[in-house]
Amino acid sequence: MKPVMVMRVVFALAAAAAMSVTFAAAPTDEEHQSHHPDVAQVTPATTGPAASMPALQQRMKAIRTEKDPARRMALMEEQMTAMESAMRDMPEECPMAGGTMGGKAPDMMRDHMRMMEKRMDMMQQMMEMHMKAGPTNPMK
């Protein structure tokens, strides 16, 4: 056999052995279920912005399915009011509260814009260089 074929066979055997060891070490169903909490213990958030999420989602479904433009607009205004209320209810330490990401957003956005401008300038220069070089014929 060729060395390439030998390597493929060795690799396939090693992969099969590794998979069998992995499956043999997998936990049983009982062991797996032991670290999951009971469904009754898991309760959705009842306070704060997360509590309003189901209502916001339901209203969005209603907006999407509403045919009457006036009713749709009224639902959208209601949605905006609810979203603003949810934002006001967010704790101060929440990174998204006030849209400032903990006061870092202006600096991060400025730096991001600066880097984008540099990339755009670089791409513009590259395009100009290619245009000056003239068309290339790859068939030559």
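Quick caveat, the model's predicted, so the values are computed rather than measured.
A search for salt bridge (Lys or Arg N to Asp or Glu O under 4.0 Å) contacts involving R114 returns D111, not counting sequence neighbours.
Not one N or O on the side chain of Q79 forms a donor-acceptor pair closer than 3.5 Å with the backbone of R59.
Residue pairs meeting the side chain to side chain donor-acceptor pair (under 3.5 Å) criterion with at least one partner in residues 61-77, sequence neighbours excluded, are absent.
The CG atom of D121 sits 10.0 Å away from atom NZ of K118, with the distance rounded to the nearest 0.5 Å. How far CD of E117 is from NE2 of H112: 10.5 Å, rounded to the nearest 0.5 Å. Atoms CE and CE, from M116 and M109 in turn, are 10.0 Å apart once rounded to the nearest 0.5 Å.
Residues M60 and L75 fall within the same hydrophobic cluster, defined by Ile, Leu, Val, Met, Phe, Trp and Tyr side chains chained together at heavy-atom separations under 4.5 Å.
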For side chain to side chain contact (heavy atoms under 4.5 Å, CB included), just list the numbers for Q57 and M53, CA-CA rounded to whole Å, side-chain angles, deciding distance to a tenth of an Å, and then say yes or no.
CA-CA 6 Å; Q57 291 170 338; M53 191 57 69; 3.7 Å; yes

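Under the 4.5 Å side-chain criterion, counting only non-hydrogen atoms from C-beta, Q124 is in contact with E128.
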